[in-house]
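As C-alpha cells, the structure follows; a few thoughts come after it.
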Amino acid sequence: MSAIELRGVTKRYGENPPVIEDMDLTIADGGFTVLLGPSGCGKSTILRIIAGLEPHDGGSVRIGGRDMDGMAPGERGVAMVFQNYALYPAMTVRENMEFGLKNMKVPKAEREARIAECARIVDLEPFLDRKPKSLSGGQRQRVALARAIVKKSGVFLMDEPLSNLDAKLRAQIRADLIELHRKLGITFLYVTHDQVEAMSMGTEIVLLEGGAVRQKAAPTELYDAPANLFAARFIGSPPMNIIETDSKLRRDTGVDAPYIGFRPERAWIMRGDGTPPPGAVSFRGVLAARELLGDRTVYKIKTDAGDIYATESSASARSGGAGETEPGGAALRSGRPVEVTVAAGRGDLHFFDGAENAIPPAQVSVEVISVPAGICS
Amino acid sequence: MRRNLYSRPLFALKLAVLVAIGIVMAFPFVWMALSALKTKQELLDFSVFFPKDAQWGNYAEVLLRSPIPRYIANSVFVAAVTVAYQMFSGALLVYAVVFMEFRFRRVIFAVVLGCYMVPGAATYIPSYILLSKMGLLDSYTGLIVSNLVSIFGVFLLRQAFMQVPPELYDAARMDGAGHWKTLWRVIFPLTRPMFISFALIAFITCYNNYMWPSLITNSPELSLVSQGLRHFFIEGGAYGTNWAVVMAASTLVTAPLLIMSLLIQKRFIAGIGADTGVKG
Ligand SMILES: Nc1ncnc2c1ncn2[C@@H]1O[C@H](COP(=O)(O)OP(=O)(O)OP(=O)(O)O)[C@@H](O)[C@H]1O
Ligand SMILES: [Mg+2]
C-alpha cells in the first residue's frame with residue numbers, strides 16, 4: 001500500500017544548479033530498495049524530499065497513491081532512521097519511542113504494547129529506562145530502529161544507518177535488517193554509498209550519479225548486466241575491467257564496440273603466453289601486484305590496454321583449478337617481471353557504445369576471438 | 001620528572017595569583033558585612049577590622065523598621081518576571097531563526113542583533129514617550145514591558161541552539177511534533193545550561209538596574225533596591241547618615257543574588273554537555 005512515486009521532481013539549493021532535475025522514480029511497495037551512489041549524488045536529498053523534510057521545487061511525490069504536496073513529515077506515514085541516530089538525549093529509550101506515538105495520539109495501552117513488542121524485536125528490553133548516553137553505538141543504533149518501527153508506518157527510510165558502526169556489527173545488523181524487512185513487510189528505502197550493503201540487502205538498487213538515475217535493477221541484474229559504464233565501474237570490487245578499444249585492438253580482437261569490459265572474477269590468468277580457452281579475448285602483460293584477501297587473490301596486470309585486474313578464489317588457486325594459478329608470489333617478490341596472459345570468455349564480455357551505454361552482446365560482432373599475439377610488449 | 005619540576009611552581013604561582021584576586025574581590029564585601037556589625041565609632045576608625053561587640057541590631061533595624069525588605073521584594077519580583085519573559089521570548093525568536101527556513105531570516109536576525117549596538121541611553125527618551133502614551137509610566141507593567149526582550153539573551157541562546165544537531169529537529173518533525181513541542185521537549189533540555197546561565201546574568205542585571213527604573217517609577221513604594229538604597233542613604237542628610245545601618249542594608253540587598261548564585265553555581269556556564277545524542 002505504500003509505493004513511492006516521484007514524478008518530475010526537481011530540487012535546487014538557492015541559486016545553484018539543480019541537485020536533482022526532473023526525476024522520475026518509482027519505489028516498489030514492500031520492497032527493500034537501496035539508493036546507491038557516490039558521495040554528493042543527491043541520495044540524502046531524495047530521501048529528505050520523500051520524508052517531507054526538504055521542500056522540492058517542482059514535480060510531485062506520491063506515497064501509497066496519495067499526493068504528499070503540503071503534507072508535514074509527521075503526516076506522511078513515513079518513519080526515518082538518521083545516520084547519526086538523532087536520539088533525544090534527554091529522554092529514556094522508552095520515551096524516545098513513545099514521543100512519536102504520543103504525537104500521533106496513540107492511546108496509552110497500545111503505546112505500551114507496541115513499545116514492548118518493538119523492544120523485543122530489536123533486543124532492547126533491558127535498556128528501556130536508560131538514556132541514550134549510557135548505551136553503546138550498536139545499542140543506540142537499535143534504539144533508532146525501534147523508534148522508527150514502533151510507529152508502524154508503511155515506509156521506512158534509512159540514511160546510511162550503519163556508517164557509524166564497526167565492520168562486524170555492520171555485517172550483523174545487515175542480516176538483522178533483512179530479517180526485519182521480511183517480518184514487517186513494509187517498504188524499505190535505504191541510502192548508502194556502500195555497494196556491499198546495497199548488494200546484500202536490496203531487492204532493488206537505484207544507482208544514482210549526479211542526481212540522475214543511472215540504473216534501476218535487482219542486485220544480480222546490476223552485477224550481470226550493467227546498463228552503462230558508470231554502473232559497470234561502480235559495482236564490483238575491484239570494479240569491472242573496461243578497455244577502450246582503439247583501431248588496433250579492434251582489429252586484433254575483432255570486437256566491434258568502443259568499450260569492452262569483463263569482471264576480474266571472470267578473468268583467466270595464465271603464466272607466460274599460455275593458450276587461452278577457445279572463444280576468449282586475451283591480453284598479455286606483466287604482473288604488477290598481488291593482493292591476498294583470504295578468500296581470494298587479486299592480481300593487477302599491466303598491459304598495453306591499461307591495467308587489468310583479475311581475481312582468483314583461493315579454492316581454485318589451491319586446487320589449480322582455473323588455468324595455471326598462483327602465478328607469481330615468489331617471482332613477484334624476487335622482482336623479476338612475470339609475464340602473464342589474461343583472458344575473458346565471450347560470454348563474460350560486456351560491450352558499451354560511444355555514449356557509454358551497454359550494447360546487448362548479441363549485437364556485437366566478435367570475429368577473431370583468440371588473438372594472443374602482439375597486444376602486449 | 002620534567003613535568004613535576006616545572007608544573008609545581010607554575011601551579012603554586014597560579015594558585016597564588018587566583019587567591020590574591022579572590023581576596024581583592026571579596027574584601028569590600030567582607031568589610032561591608034563586618035561594618036554592618038560595628039558601632040558608628042568603630043566604623044570610622046580604620047584600625048578596627050573586626051567589631052568588638054557585634055551590633056546585630058543594625059540588621060534588625062533594616063529588616064524590621066526600614067522599607068528595604070519591601071524594595072528587595074519589589075526587585076526580586078520585577079527581575080523574576082522580566083527574566084522569565086526574556087527567556088521565553090528569546091527561545092521563540094532563536095528557535096525560529098536557527099531551525100526554521102523562511103525568507104529574510106538572516107536579515108531579521110541581523111536587524112535584531114544590530115539593535116544591540118544602540119546604546120541603552122539612546123532609547124530612554126523614545127521608550128519613555130511610548131510608555132507615557134500607553135499610560136504605563138510609574139507601574140511595574142511599564143517597567144517589565146520595556147524589558148521583555150533581551151538581545152544579549154538572544155545572542156547567548158543562539159550560540160547554544162546552533163550546537164544542537166539539526167537532525168534532532170528533523171527527527172522531531174518526523175515524529176509529528178509541532179514547533180512548540182519540539183522547542184520545549186527536544187531543544188530546551190539540551191540547551192538548559194545556557195538558559196540557566198542567561199537567567200542568572202539577566203537577573204543580576206535586572207536587579208541592579210538603576211537608571212531606567214528610576215526614570216519611569218516615581219512612587220516610593222514601587223522603588224527597586226538600587227533606588228531604595230539611595231533614598232535610604234540620603235534620608236538622614238549628609239551628616240546624619242548612620243553608616244553601619246547603611247552597610248547592613250547593602251549587605252541584605254546582595255543576599256538574594258548570593259543565594260541564587262549558590263543554588264545554581266554548579267550548573268552555571270556548564271555549557272552544552274559533551275553528549276548531544278548523536279554520534280560523529
Ligand atoms: N543544505 C544544502 N545547501 C546547499 N547545497 C546542499 C545542501 N544539502 C545538500 N547540498 C548539495 O546537494 C548535493 C547532494 O547532497 P546530498 O546530501 O543529497 O548527497 P548524498 O548523496 O547524500 O551524499 P553523501 O553520500 O555524502 O551523504 C551535494 O552536492 C550537496 O553539496
Ligand atoms: Mg547523505
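Here is how names work: the chains are called A, B, and so on, in the same order as the sequence lines, proteins then strands, and each is numbered from 1.
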Handout entry: Heavy atoms from other residues, nucleotides or ligands near CZ of B:Phe155 exceed 12 (cutoff 6.0 Å)
Key = no

Exercise for the section: Indicate the atoms forming the closest heavy-atom contact of B:Arg173 with A:Gly52, along with that distance. Expected result: NH1-O, 4.2 Å

Exercise for the section: Flag yes if more than 12 heavy atoms outside A:Tyr13 fall under 6.0 Å of its OH atom; otherwise flag no. Expected result: yes

Exercise for the section: Decide, yes or no, whether a salt bridge links B:Asp170 with A:Arg48 under the criterion of side-chain N to carboxylate O below 4.0 Å. Expected result: yes

Exercise for the section: State, yes or no, whether a side-chain contact exists between B:Val186 and A:Phe99 at a heavy-atom distance under 4.5 Å. Expected result: yes

Fill in the blank from the handout: By side chain to side chain contact (heavy atoms under 4.5 Å, CB included), B:Leu258 pairs with (sequence neighbours left out) none

Handout entry: Heavy-atom side-chain proximity of A:Lys151 to B:Met174 below 4.5 angstrom
Key = yes

Fill in the blank from the handout: Cut-off 4.5 Å, heavy atoms of chain B, and the answer for A:Ala72 is neither

Practice task
Considering non-hydrogen atoms only, spot the tightest contact between A:Leu87 and B:Leu168 and give its length.
Solution key: O-CD2, 3.2 Å

Problem - A:Val78 versus chain B, the contacting section by heavy-atom distance below 4.5 Å - result: both

Problem - Check: A:Tyr88 side chain, B:Ile187 main-chain N or O, donor-acceptor pair, under 3.5 Å - result: no

Practice task
Count the heavy atoms belonging to other residues, nucleotides or ligands that lie under 6.0 Å from NZ of A:Lys105, then report whether that count exceeds 12.
Solution key: no

Handout entry: For the student: nearest non-hydrogen atoms of A:Ala86 and B:Ala171, plus distance
Key = O-CB, 3.9 Å

Problem - Winner by heavy-atom pair count (cut-off under 4.5 Å) against chain B, out of A:Arg76, A:Glu75, A:Met91 - result: A:Met91

Problem - Close side-chain approach of A:Lys102 to B:Asp175, heavy-atom, < 4.5 Å - result: no

Practice task
I would like to know whether A:Tyr85 and B:Glu167 meet side chain to side chain contact (heavy atoms under 4.5 Å, CB included); could you show each step before the answer?
Solution key: CA-CA 8 Å; A:Tyr85 315 151; B:Glu167 287 84 358; over 6 Å; no

Handout entry: Check: A:Asn103 main-chain N/O paired with B:Lys181 side-chain donor or acceptor under 3.5 Å
Key = no

Exercise for the section: Examine whether an atom of A:Ala148 lies under 4.5 Å from a heavy atom of chain B, and if so say whether it belongs to the side chain, the backbone or both; otherwise answer neither. Expected result: neither

Exercise for the section: Check whether A:Met104 gets within reach of chain B through its side chain, its backbone, both or neither, counting any heavy atom under 4.5 Å. Expected result: neither

Handout entry: Over 12 foreign heavy atoms within 6.0 Å of CG, A:Asp69
Key = no

